[in-house]
Visitor: 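Quick one: structure below, then a few questions.
Both counts, for ligands and for their atoms, begin at 1 and track the order of listing.
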Amino acid sequence: MQTSRPLTLGEFLVAKQSDFPFATGELSALLSSIRLAAKVVNREINKAGLADVLGDVGNDNVQGERQMKLDVYANDTFARALRSRGEVCGMASEEEEDFIAYNDPIHANAKYVVLIDPLDGSSNIDVNVSIGTIFSIYRRVTPVGTPVQLEDFLQPGNQQVAAGYITYGSSTMLVYTTGHGVNGFTLDPSIGVFSLSHPSMQCPETGIIYSINEGNYVHFPEGVKQYIKYCQAIDVATNRPYTSRYIGSLVSDFHRNLIKGGIYIYPTGTKSPQGKLRLLYECNPLAFIIEQAGGKATDGYRRILDLTPSALHQRVPFFIGSTKMVEDAEGFLAGTPAP
Ligand code: P6P
(Lines give C-alpha, C1' and ligand atoms only; values in the text may rest on other atoms or scores of the structure.)
Protein backbone atom coordinates (compact mmCIF):
# COMPACT_ATOMS: atom_id res chain seq x y z
CA MET A 1 0.00 0.00 0.00
CA GLN A 2 1.49 3.32 -1.03
CA THR A 3 1.39 5.53 2.07
CA SER A 4 1.60 9.26 1.28
CA ARG A 5 4.63 10.90 2.86
CA PRO A 6 6.20 14.34 2.57
CA LEU A 7 9.00 14.87 0.06
CA THR A 8 12.46 14.46 1.47
CA LEU A 9 14.92 17.33 1.02
CA GLY A 10 16.81 15.29 -1.55
CA GLU A 11 13.62 14.61 -3.56
CA PHE A 12 12.64 18.28 -3.28
CA LEU A 13 16.04 19.43 -4.58
CA VAL A 14 15.67 17.21 -7.63
CA ALA A 15 12.05 18.26 -8.21
CA LYS A 16 12.97 21.97 -7.96
CA GLN A 17 16.06 21.71 -10.14
CA SER A 18 13.85 22.68 -13.07
CA ASP A 19 13.54 26.14 -11.41
CA PHE A 20 17.00 26.67 -12.90
CA PRO A 21 16.81 26.06 -16.66
CA PHE A 22 20.58 25.76 -16.92
CA ALA A 23 20.87 23.70 -13.75
CA THR A 24 23.55 21.05 -13.91
CA GLY A 25 22.84 19.73 -10.43
CA GLU A 26 25.81 21.52 -8.84
CA LEU A 27 23.70 23.70 -6.55
CA SER A 28 21.64 20.66 -5.56
CA ALA A 29 24.84 18.80 -4.73
CA LEU A 30 26.09 21.78 -2.72
CA LEU A 31 22.87 21.95 -0.71
CA SER A 32 23.13 18.21 -0.15
CA SER A 33 26.56 18.66 1.43
CA ILE A 34 25.08 21.24 3.80
CA ARG A 35 22.30 18.78 4.61
CA LEU A 36 24.89 16.15 5.56
CA ALA A 37 26.89 18.54 7.76
CA ALA A 38 23.67 19.65 9.48
CA LYS A 39 22.91 16.06 10.50
CA VAL A 40 26.43 15.55 11.85
CA VAL A 41 26.38 18.79 13.87
CA ASN A 42 22.86 18.02 15.09
CA ARG A 43 24.09 14.69 16.48
CA GLU A 44 26.87 16.38 18.47
CA ILE A 45 24.57 19.11 19.79
CA ASN A 46 22.01 16.56 20.93
CA LYS A 47 24.57 14.82 23.15
CA ALA A 48 26.26 18.03 24.28
CA GLY A 49 25.51 17.38 27.92
CA LEU A 50 27.10 13.95 27.77
CA ALA A 51 30.08 14.20 25.47
CA ASP A 52 33.08 16.41 26.11
CA VAL A 53 31.79 19.14 23.77
CA LEU A 54 30.50 21.64 26.29
CA GLY A 55 32.43 24.68 27.31
CA ASP A 56 34.96 26.74 25.44
CA VAL A 57 38.30 25.95 23.84
CA GLY A 58 40.14 28.56 25.90
CA ASN A 59 40.59 31.16 23.18
CA ASP A 60 38.58 33.78 21.31
CA ASN A 61 37.63 33.78 17.63
CA VAL A 62 38.34 36.54 15.17
CA GLN A 63 35.30 38.34 16.59
CA GLY A 64 36.87 38.44 20.02
CA GLU A 65 34.14 36.09 21.23
CA ARG A 66 34.83 33.03 23.37
CA GLN A 67 35.07 30.06 20.99
CA MET A 68 32.99 27.13 22.19
CA LYS A 69 34.05 23.55 21.43
CA LEU A 70 30.94 23.09 19.32
CA ASP A 71 31.75 26.30 17.36
CA VAL A 72 35.00 24.70 16.23
CA TYR A 73 33.36 21.33 15.62
CA ALA A 74 30.58 22.88 13.52
CA ASN A 75 33.02 25.01 11.54
CA ASP A 76 35.23 22.02 10.73
CA THR A 77 32.23 19.83 9.87
CA PHE A 78 30.73 22.29 7.38
CA ALA A 79 34.16 23.09 5.91
CA ARG A 80 34.85 19.38 5.38
CA ALA A 81 31.41 18.73 3.86
CA LEU A 82 31.76 21.66 1.47
CA ARG A 83 35.30 20.68 0.50
CA SER A 84 34.28 17.07 -0.11
CA ARG A 85 32.18 18.08 -3.12
CA GLY A 86 33.51 19.84 -6.18
CA GLU A 87 30.96 22.67 -6.30
CA VAL A 88 32.62 25.18 -3.93
CA CYS A 89 35.83 27.11 -4.69
CA GLY A 90 35.95 28.92 -1.35
CA MET A 91 34.33 29.41 2.06
CA ALA A 92 34.19 32.31 4.52
CA SER A 93 33.20 31.65 8.12
CA GLU A 94 32.55 33.62 11.27
CA GLU A 95 35.16 31.36 12.87
CA GLU A 96 37.90 32.11 10.30
CA GLU A 97 39.72 35.46 10.02
CA ASP A 98 40.20 35.09 6.25
CA PHE A 99 38.34 33.13 3.60
CA ILE A 100 39.40 29.55 2.83
CA ALA A 101 40.34 28.98 -0.84
CA TYR A 102 39.94 25.55 -2.39
CA ASN A 103 42.55 25.96 -5.12
CA ASP A 104 43.20 22.30 -5.83
CA PRO A 105 42.35 20.76 -9.25
CA ILE A 106 39.08 19.22 -7.97
CA HIS A 107 37.70 22.65 -7.03
CA ALA A 108 39.41 24.77 -9.70
CA ASN A 109 36.29 24.74 -11.90
CA ALA A 110 33.81 25.18 -9.03
CA LYS A 111 31.55 28.19 -9.46
CA TYR A 112 30.08 28.76 -5.98
CA VAL A 113 31.34 30.32 -2.76
CA VAL A 114 29.71 29.79 0.64
CA LEU A 115 29.64 32.16 3.61
CA ILE A 116 28.59 30.66 6.91
CA ASP A 117 27.99 31.21 10.59
CA PRO A 118 28.54 27.58 11.60
CA LEU A 119 26.95 27.85 15.03
CA ASP A 120 25.17 31.08 15.92
CA GLY A 121 24.16 31.66 19.52
CA SER A 122 26.69 29.14 20.79
CA SER A 123 26.85 30.82 24.20
CA ASN A 124 23.46 29.16 24.73
CA ILE A 125 24.82 25.63 24.24
CA ASP A 126 25.77 25.05 27.87
CA VAL A 127 22.29 26.03 29.04
CA ASN A 128 20.44 23.91 26.47
CA VAL A 129 18.89 26.81 24.55
CA SER A 130 18.37 26.33 20.79
CA ILE A 131 21.09 27.50 18.40
CA GLY A 132 21.54 27.61 14.65
CA THR A 133 23.65 27.58 11.49
CA ILE A 134 23.25 30.29 8.82
CA PHE A 135 24.58 30.00 5.25
CA SER A 136 24.75 32.12 2.09
CA ILE A 137 25.70 30.97 -1.43
CA TYR A 138 26.95 33.08 -4.37
CA ARG A 139 28.33 32.41 -7.82
CA ARG A 140 31.98 33.49 -7.97
CA VAL A 141 32.60 36.69 -9.95
CA THR A 142 36.27 36.02 -10.79
CA PRO A 143 37.11 33.68 -13.68
CA VAL A 144 36.43 29.99 -13.09
CA GLY A 145 39.71 28.09 -12.95
CA THR A 146 41.58 30.91 -11.18
CA PRO A 147 42.14 31.14 -7.39
CA VAL A 148 39.10 32.53 -5.58
CA GLN A 149 39.46 36.16 -4.46
CA LEU A 150 38.03 38.35 -1.69
CA GLU A 151 35.72 40.04 -4.23
CA ASP A 152 33.98 36.70 -4.73
CA PHE A 153 32.81 37.00 -1.10
CA LEU A 154 32.17 40.76 -0.91
CA GLN A 155 29.04 40.69 -3.05
CA PRO A 156 25.79 42.48 -2.15
CA GLY A 157 23.09 40.21 -0.76
CA ASN A 158 20.92 40.78 -3.84
CA GLN A 159 23.38 38.52 -5.73
CA GLN A 160 22.81 35.48 -3.53
CA VAL A 161 21.95 32.26 -5.36
CA ALA A 162 20.65 30.55 -2.22
CA ALA A 163 20.49 31.09 1.54
CA GLY A 164 19.27 29.14 4.52
CA TYR A 165 19.56 28.21 8.14
CA ILE A 166 19.38 25.16 10.39
CA THR A 167 17.73 25.57 13.78
CA TYR A 168 18.72 22.96 16.38
CA GLY A 169 15.70 23.31 18.64
CA SER A 170 12.87 21.14 19.96
CA SER A 171 13.16 19.67 16.48
CA THR A 172 15.93 20.27 13.95
CA MET A 173 14.83 22.17 10.85
CA LEU A 174 16.54 23.26 7.65
CA VAL A 175 14.92 26.30 5.98
CA TYR A 176 16.22 27.66 2.66
CA THR A 177 15.45 29.65 -0.46
CA THR A 178 16.90 29.74 -3.96
CA GLY A 179 14.79 32.77 -4.85
CA HIS A 180 11.68 30.72 -5.54
CA GLY A 181 9.98 30.92 -2.14
CA VAL A 182 10.97 29.55 1.27
CA ASN A 183 10.60 25.91 2.32
CA GLY A 184 11.23 24.24 5.67
CA PHE A 185 12.31 20.66 6.29
CA THR A 186 12.19 18.85 9.63
CA LEU A 187 14.71 16.15 10.51
CA ASP A 188 13.25 12.75 11.38
CA PRO A 189 16.08 11.46 13.59
CA SER A 190 14.74 7.91 13.45
CA ILE A 191 15.67 7.67 9.76
CA GLY A 192 18.06 10.63 9.47
CA VAL A 193 16.00 12.35 6.76
CA PHE A 194 14.87 15.97 6.38
CA SER A 195 11.24 15.98 5.20
CA LEU A 196 9.20 18.87 3.83
CA SER A 197 7.19 20.11 6.82
CA HIS A 198 6.73 23.83 6.04
CA PRO A 199 6.11 24.34 2.30
CA SER A 200 6.00 27.89 0.87
CA MET A 201 6.59 29.70 4.17
CA GLN A 202 5.12 33.20 4.43
CA CYS A 203 5.84 35.80 7.13
CA PRO A 204 2.63 37.50 8.39
CA GLU A 205 2.53 41.14 7.27
CA THR A 206 2.34 42.25 10.90
CA GLY A 207 2.56 40.69 14.34
CA ILE A 208 2.65 41.26 18.09
CA ILE A 209 6.17 40.04 18.94
CA TYR A 210 9.19 42.30 19.24
CA SER A 211 12.66 40.86 19.85
CA ILE A 212 15.41 43.13 21.17
CA ASN A 213 17.85 43.04 24.08
CA GLU A 214 16.25 45.73 26.24
CA GLY A 215 19.19 45.46 28.62
CA ASN A 216 20.97 47.75 26.15
CA TYR A 217 18.09 50.27 26.14
CA VAL A 218 20.14 53.22 27.40
CA HIS A 219 22.57 52.76 24.50
CA PHE A 220 19.92 52.67 21.76
CA PRO A 221 19.30 55.47 19.23
CA GLU A 222 16.35 57.68 20.21
CA GLY A 223 14.13 56.31 17.42
CA VAL A 224 14.62 52.75 18.69
CA LYS A 225 13.75 53.82 22.24
CA GLN A 226 10.56 55.45 20.89
CA TYR A 227 9.67 52.31 18.94
CA ILE A 228 10.07 50.15 22.07
CA LYS A 229 7.75 52.52 23.99
CA TYR A 230 5.30 52.30 21.05
CA CYS A 231 5.37 48.47 21.34
CA GLN A 232 4.70 48.75 25.07
CA ALA A 233 1.89 51.34 24.83
CA ILE A 234 -1.74 50.23 25.29
CA ASP A 235 -3.79 50.43 22.07
CA VAL A 236 -6.32 47.67 21.49
CA ALA A 237 -6.88 48.81 17.91
CA THR A 238 -3.30 47.84 17.02
CA ASN A 239 -3.00 44.87 19.37
CA ARG A 240 -0.60 46.67 21.71
CA PRO A 241 1.15 46.25 24.06
CA TYR A 242 3.06 43.72 22.00
CA THR A 243 4.81 40.71 23.50
CA SER A 244 8.56 40.83 24.11
CA ARG A 245 10.35 37.61 23.16
CA TYR A 246 14.17 37.50 23.06
CA ILE A 247 15.97 34.14 23.13
CA GLY A 248 19.44 35.54 22.52
CA SER A 249 19.80 33.16 19.57
CA LEU A 250 19.23 34.97 16.28
CA VAL A 251 18.11 31.91 14.31
CA SER A 252 15.56 30.97 16.98
CA ASP A 253 14.14 34.48 17.29
CA PHE A 254 14.07 34.83 13.49
CA HIS A 255 12.41 31.44 12.93
CA ARG A 256 9.63 32.18 15.44
CA ASN A 257 8.99 35.62 13.93
CA LEU A 258 9.01 34.18 10.39
CA ILE A 259 6.21 31.79 11.36
CA LYS A 260 4.18 33.91 13.80
CA GLY A 261 5.00 37.43 12.65
CA GLY A 262 7.22 39.80 14.58
CA ILE A 263 10.31 41.97 14.42
CA TYR A 264 13.90 41.30 15.52
CA ILE A 265 16.10 44.35 16.11
CA TYR A 266 19.80 44.58 16.83
CA PRO A 267 20.50 48.33 16.50
CA THR A 268 23.64 50.38 16.95
CA GLY A 269 24.67 51.08 20.53
CA THR A 270 27.73 52.22 22.43
CA LYS A 271 28.76 48.58 22.89
CA SER A 272 28.11 47.90 19.18
CA PRO A 273 28.62 51.17 17.27
CA GLN A 274 27.94 49.41 13.92
CA GLY A 275 25.47 46.93 15.39
CA LYS A 276 26.52 43.39 16.39
CA LEU A 277 25.34 41.15 13.58
CA ARG A 278 27.49 40.41 10.53
CA LEU A 279 26.25 41.48 7.14
CA LEU A 280 27.67 38.66 5.03
CA TYR A 281 26.79 35.47 6.89
CA GLU A 282 23.96 36.51 9.22
CA CYS A 283 22.03 39.49 7.86
CA ASN A 284 22.17 38.85 4.10
CA PRO A 285 21.01 35.21 4.17
CA LEU A 286 18.16 35.94 6.61
CA ALA A 287 17.21 39.04 4.60
CA PHE A 288 16.99 36.93 1.43
CA ILE A 289 14.74 34.46 3.24
CA ILE A 290 12.47 37.05 4.84
CA GLU A 291 11.94 38.90 1.55
CA GLN A 292 11.14 35.63 -0.21
CA ALA A 293 8.58 35.04 2.57
CA GLY A 294 7.03 38.50 2.11
CA GLY A 295 8.81 40.27 4.98
CA LYS A 296 11.41 43.02 5.14
CA ALA A 297 15.01 43.53 6.29
CA THR A 298 16.85 46.86 6.58
CA ASP A 299 19.56 48.54 8.61
CA GLY A 300 16.86 50.94 9.78
CA TYR A 301 17.14 53.00 6.62
CA ARG A 302 18.42 50.88 3.69
CA ARG A 303 17.51 47.44 2.30
CA ILE A 304 20.02 44.93 3.70
CA LEU A 305 20.33 43.12 0.35
CA ASP A 306 21.44 46.33 -1.40
CA LEU A 307 24.30 47.13 1.00
CA THR A 308 27.73 46.89 -0.60
CA PRO A 309 30.05 44.90 1.68
CA SER A 310 33.50 46.29 2.46
CA ALA A 311 34.85 43.56 4.77
CA LEU A 312 34.20 39.87 5.51
CA HIS A 313 33.16 40.42 9.14
CA GLN A 314 31.44 43.77 8.66
CA ARG A 315 28.64 44.47 11.16
CA VAL A 316 25.41 46.34 10.42
CA PRO A 317 22.31 47.35 12.40
CA PHE A 318 19.55 44.81 11.73
CA PHE A 319 15.75 45.25 11.58
CA ILE A 320 14.03 42.15 10.19
CA GLY A 321 10.58 40.56 10.19
CA SER A 322 6.99 41.49 9.36
CA THR A 323 6.95 44.28 6.79
CA LYS A 324 4.58 46.57 8.68
CA MET A 325 6.53 46.25 11.93
CA VAL A 326 9.85 46.99 10.24
CA GLU A 327 8.27 50.02 8.54
CA ASP A 328 6.84 51.21 11.88
CA ALA A 329 10.30 51.00 13.44
CA GLU A 330 11.82 52.85 10.45
CA GLY A 331 9.21 55.55 10.95
CA PHE A 332 10.47 56.27 14.45
CA LEU A 333 14.07 56.21 13.21
CA ALA A 334 13.12 58.72 10.53
CA GLY A 335 11.64 60.90 13.26
CA THR A 336 8.09 60.24 12.15
CA PRO A 337 6.46 57.76 14.52
CA ALA A 338 4.21 55.05 13.07
CA PRO A 339 0.54 56.06 12.86
P1 P6P B 1 23.19 40.03 22.89
C2 P6P B 1 24.59 35.43 19.40
O3 P6P B 1 25.88 35.81 19.88
C4 P6P B 1 24.10 36.57 18.52
O5 P6P B 1 24.97 36.75 17.45
C6 P6P B 1 22.68 36.28 18.04
O7 P6P B 1 22.44 34.92 17.87
C8 P6P B 1 21.82 36.87 19.13
O9 P6P B 1 20.55 37.30 18.67
C10 P6P B 1 22.65 38.05 19.62
O11 P6P B 1 24.01 37.76 19.29
C12 P6P B 1 22.54 38.24 21.11
O13 P6P B 1 23.35 39.35 21.43
O14 P6P B 1 24.12 41.23 22.84
O15 P6P B 1 21.73 40.44 23.02
O16 P6P B 1 23.58 38.98 23.90
Visitor: Parallel, tilted or perpendicular: which fits the ring planes of Y281 and H313, with parallel below 30° and perpendicular above 60°?
Guide: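 If you compare the ring of Y281 with that of H313, the planes turn out perpendicular.
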Visitor: Where the closest heavy atom to atom 12 (C) of ligand 1 is concerned, which of Y264, F254, Y246 has it?
Guide: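 Checking each option, the heavy atom nearest atom 12 (C) of ligand 1 is found in Y246.
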Visitor: Does the N or O separation between N213 and ligand 1 drop below 3.5 Å for any pair?
Guide: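 Yes, at least one N or O pair falls under 3.5 Å.
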Visitor: Mark the output for L277 as yes if a heavy-atom distance to ligand 1 is under 4.0 Å, and as no if none is.
Guide: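 Yes, L277 has heavy atoms under 4.0 Å from ligand 1.
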Visitor: Taking the six-membered ring for Trp, is the centroid-to-centroid distance between H198 and F185 below 6.0 Å?
Guide: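 So the answer is no for these two rings.
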Visitor: Using the ring-ring contact (aromatic ring centres under 6.0 Å, His included) rule, take F99 and F153 through it: C-alpha gap first, then chi angles, then the decisive distance, then the call.
Guide: CA-CA 8 Å; F99 63 85; F153 298 93; 4.8 Å; yes
Visitor: Can we call the ring centroids of F135 and Y165 under 6.0 Å apart?
Guide: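 No.
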Visitor: Is it true that S123 lies under 4.0 Å from ligand 1, counting heavy atoms only?
Guide: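 No, S123 has no heavy atom closer than 4.0 Å to ligand 1.
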Visitor: Of all the atoms in ligand 1, which lie at a distance below 4.0 Å from a heavy atom belonging to D120?
Guide: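 Taking each heavy atom of D120 in turn, ligand 1 has 4 (C), 5 (O), 6 (C), 7 (O) under 4.0 Å.
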Visitor: Among G269, G248, S252, which residue places a heavy atom closest to atom 8 (C) of ligand 1?
Guide: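 Among G269, G248, S252, the closest heavy atom to atom 8 (C) of ligand 1 belongs to G248.
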Visitor: Is there any salt bridge (charged side-chain N to carboxylate O under 4.0 Å, His left out) pair reaching into residues 217-236, and which pairs are they, with sequence neighbours excluded?
Guide: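 Only D235-R240 qualify under salt bridge (charged side-chain N to carboxylate O under 4.0 Å, His left out).
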Visitor: For ligand 1 and L250, I'd like to know whether there is a polar contact (N/O to N/O, distance under 3.5 Å).
Guide: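 It does: an N or O of L250 is found under 3.5 Å from an N or O of ligand 1.
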Visitor: Considering distance alone, does some N or O of D253 sit under 3.5 Å from an N or O of ligand 1?
Guide: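 N/O-N/O distance below 3.5 Å does not exist for this pair.
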Visitor: Between E291 and K296, does at least one N-O distance fall below 4.0 Å, as a salt bridge requires?
Guide: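 Judged by the 4.0 Å cut-off on N to carboxylate O distance, E291 and K296 do not form a salt bridge.
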